[in-house]
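So the structure is just underneath, and the comments pick up after that.
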Amino acid sequence: MRDKIWSYVNNRFEDDWVLVDADEVYEAFAVYFDNGLDVGIIDEVIRSFAAIHDLSNVDIQYEGNLS
């Protein structure tokens, strides 16, 4: 599931220059989270993604701590 979330975050980053908010990711994969997938995975993936990408000139919609 991490790979699917990573792919989603990456696509929004490459296509729209946006670091998505966790709520958007939740909505995109709601069926998985509603069936018991730990929502903490969203923050883990977004933080990992942000750690290895240059976020200059990117619209950062993510409201969590990136460090």
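- Applying the 6.0 Å contact sphere to CZ of F29 captures more than 12 heavy atoms from other residues, nucleotides or ligands.
- Taking the side chain as every heavy atom from C-beta outward, M1 and L37 approach each other to under 4.5 Å.
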- Query: Step by step, would you call I41 with Y32 a side chain to side chain contact (heavy atoms under 4.5 Å, CB included)?
  - Reply: CA-CA 11 Å; I41 192 174; Y32 297 100; over 6 Å; no

Just distance, no hydrogens or angles: give the donor-acceptor pairs under 3.5 Å from side chains in residues 42-53, sequence neighbours left out.
unit_1	atom_1	unit_2	atom_2	d
D43	OD1	Y62	OH	2.6
E44	OE1	R2	NH2	2.5
S48	OG	E44	O	2.9
H53	ND1	F49	O	2.7

- Message: For a side chain to side chain contact (heavy atoms under 4.5 Å, CB included) check, start with the C-alpha distance between L66 and L19, then their side-chain angles and the critical distance, and finish with the verdict.
- Response: CA-CA 11 Å; L66 291 174; L19 182 62; 4.0 Å; yes

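- Not one N or O on the side chain of N10 forms a donor-acceptor pair closer than 3.5 Å with the backbone of W6.
- A donor-acceptor contact shorter than 3.5 Å links the side chain of D21 to the backbone of D23.
- The line from CZ of R12 to OG of S7 is 13.0 Å long, rounded to the nearest 0.5 Å.
- In plain terms, the two heavy atoms of V20 and V9 that are nearest each other are CG2-CG2, 4.0 Å.
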- Item | Worked verdict on L55 versus I60 for side chain to side chain contact (heavy atoms under 4.5 Å, CB included) | CA-CA 8 Å; L55 300 180; I60 300 176; 4.1 Å; yes

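- Evaluation of the salt bridge (Lys or Arg N to Asp or Glu O under 4.0 Å) test over residues 50-65, restricted to residues two or more places apart or in two chains, returns none.
- Residue W17 qualifies as open at atom CH2: its count of foreign heavy atoms under 6.0 Å is 12 or below.
- Side-chain contact between F13 and V58: present, with at least one pair of heavy atoms (C-beta onward) separated by less than 4.5 Å.
- The two atoms that bring Y8 and E24 nearest to each other are OH-OE2, 2.6 Å, heavy atoms only.
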